[in-house]
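Contents: one structure, followed by commentary.
One-based numbering, in listed order, for ligands and for the atoms of each. Along the sequence shown, residues are numbered consecutively beginning with 1.
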Amino acid sequence: MTAPLEGPVIVGISAHFHDSACAVMVGGRLIAAAHEERFTRRKQDPGIPREALRHCLREAGLTIADVDCIAYYEDPAKKLDRQLWTALPDVPETGPHALFRFDADRPRREIREVLGFDGPVEIVEHHLSHAASAYYFSGFEDSAVLTVDAVGEWATTTWGRGTGADLDLLDEVEFPHSLGLLYSTITGHLGFEVNEGEYKVMGLAPYGVPRYADRVRELIDVTADGKFSLDLSYFDFRNPAGMGSERLAELLGLPPRMPESEIEQAHCDLARSIQTVTEETLLALAHRARRLVPSDNLCMAGGVALNVVAVRRIVEEGPFRDVFVQPAAGDAGGSLGAAAVAHRRLTGQRPSSERMRTALLGGAVPPSDVARKLRAAGTDGFLDFTDREPELLAAVAERLAAGKVIGWVHGRMEFGPRALGGRSILADPRGADTRDRINASVKMREGFRPFAPAVLAERAAEHFRLDHESPFMLETCEVVSPLDLPAITHVDRSARVQTVTEEANGRFYRLIKAFDERTGCPILLNTSFNLRGEPIVWTPEDALLCFLRSAIDCLVLEDFVIDREALPEVWRTWFENTRPSRGSAVSDTVYTLL
Ligand SMILES: [Fe+2]
């Protein structure tokens with residue numbers, strides 16, 4: 001890819017908490033963005049994103065010597081201030097050595113020593129990075145901005161205003177009062193991993209009734225003007241074993257659930273209750289945003305903006321005409337925002353005035369590489385459709401219509417937690433047992449978790465109560481389809497929809513079209529191409545390993561189709577005797593086999 005020659009080259013970095021990422025912006029245009037985990041194969045890798053930077057620069061046709069500035073997504077000194085405030089009361093018990101893990105110089109040091117960059121480093125505050133990651137990519141000329149997460153430096157919620165090139169934060173709620181930490185505390189109480197299991201709580205909620213909602217409301221006081229505070233007697237944010245105090249279990253009347261233990265109705269009810277209270281609170285925050293900024297538009301970011309059910313309520317019931325959430329609304333997206341703010345500071349200009357239309361911001365693997373790697377890996381039992389896309393799509397649509405589960409790798413990799421047709425597992429959404437089969441033997445995850453549909457954009461309204469595009473799978477809506485779609489319809493008849501256009505998705509759009517022509521169904525089940533606990537696949541080797549270690553029926557790597565039956569016998573035997581290790585990255589040992 002050839003980078004534009006005009007304007008500064010700015011790298012945005014988010015790192016050192018979880019899910020680190022990198023973005024490259026040239027002349028105010030976002031050229032590439034990627035998560036470090038996809039390259040290191042460590043789920044939510046928090047390290048300085050060395051591999052992602054290398055990848056993004058290569059994608060932009062640049063080297064580190066071309067970079068004018070690296071922007072870091074939070075202020076390490078301010079963060080240290082908050083960390084010390086939180087940790088100091090424990091020092092008499094834990095000893096002063098506990099303080100050594102706090103290192104405000106680490107980002108700058110690693111940018112110099114690990115990334116090899118000795119130019120200027122721009123520090124952008126955490127919630128300003130979040131706000132910029134939404135506003136500067138929204139295409140709005142003016143907008144209210146709402147950021148909500150667990151915690152940045154001190155802020156946990158901010159309200160802001162974007163006007164042209166200017167973006168200002170107007171007000172905030174500070175730690176320890178945090179809607180994100182409230183949700184995470186209940187996530188931990190429900191036996192799911194904090195910072196990872198929040199979307200499981202959201203998926204569990206429709207199975208319950210909000211009978212704990214009044215008790216959850218005891219935990220948070222939302223004022224009439226739309227700010228909030230937590231009752232801190234119910235929390236212990238210094239406790240790594242769980243962020244709720246002993247009083248929390250007493251109030252809820254429900255002990256903490258042990259991880260991996262059976263999920264009971266009470267757990268579903270608590271999930272529904274925290275979801276309900278979160279939606280109510282977010283709506284109050286959105287109304288406050290409108291009072292502070294009289295715009296028809298709202299931009300949202302921060303981890304809580306990934307709560308798609310709550311976002312839908314703001315779209316439907318909130319005071320705004322248009323709501324924009326970008327696909328990496330969590331901390332990874334802070335890299336985009338930091339780069340955008342640095343561009344504004346360096347040039348005085350708005351980085352981009354166009355709305356972000358695609359999340360396909362990572363690299364692509366050249367088809368020639370795929371063929372070479374397949375042969376090097378010892379299989380020649382693949383079908384080659386080079387320069388024959390219609391035949392390829394017909395072959396894949398035929399397999400999907402026959403009930404097969406497809407691993408699909410095409411074009412640039414997605415940025416953000418959702419697979420959107422670049423690295424996806426696809427299936428017929430009409431199959432009665434498809435959801436259970438994929439949950440049990442492909443994704444190896446909890447049976448209650450729903451799958452999402454990808455639908456041709458122009459046909460979406462026939463099947464979903466949705467009157468606008470949803471390209472990033474960031475909204476839920478009601479399924480109103482005349483078709484029976486059990487694999488993608490949640491228990492409350494909702495679905496988290498991705499609308500697909502030919503302009504943004506090319507071959508993926510044409511695949512759904514081929515499936516529609518064969519079946520009359522313009523929808524595919526679309527879930528991320530990974531096993532439970534592992535990052536989404538990146539290379540052909542990652543895809544092959546995921547294929548071999550799961551029950552996916554067929555792998556499509558760019559122009560090549562590999563049916564399970566065509567695999568070499570030795571591979572099948574070896575992998576049938578090798579159980580995937582739950583929750584861990586794919587080991588290097590396994591990679592050496594390929
Ligand atoms: Fe954040």
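- Between the Fe ion (ligand 1) and the N, O or S atoms of Asp331, the shortest distance is to OD1.
- With a 4.5 Å cut-off on side-chain heavy atoms, Glu51 and Asp45 do not count as touching.
- Judged purely by distance below 3.5 Å, without hydrogens or angles, the side chains of Thr163 and Asp142 never pair a donor atom with an acceptor atom.
- You'll find the ring centres of His35 and Phe415 inside the 6.0 Å limit.
- Put simply, the angle at the Fe ion (ligand 1) from NE2 in His130 to OD2 in Asp149 is close to 100°, to the nearest 10°.
- For Phe320 and His287, the ring centers sit 6.0 Å or farther from each other.
- The name of the N, O or S atom in His126 nearest to the Fe ion (ligand 1) is NE2.
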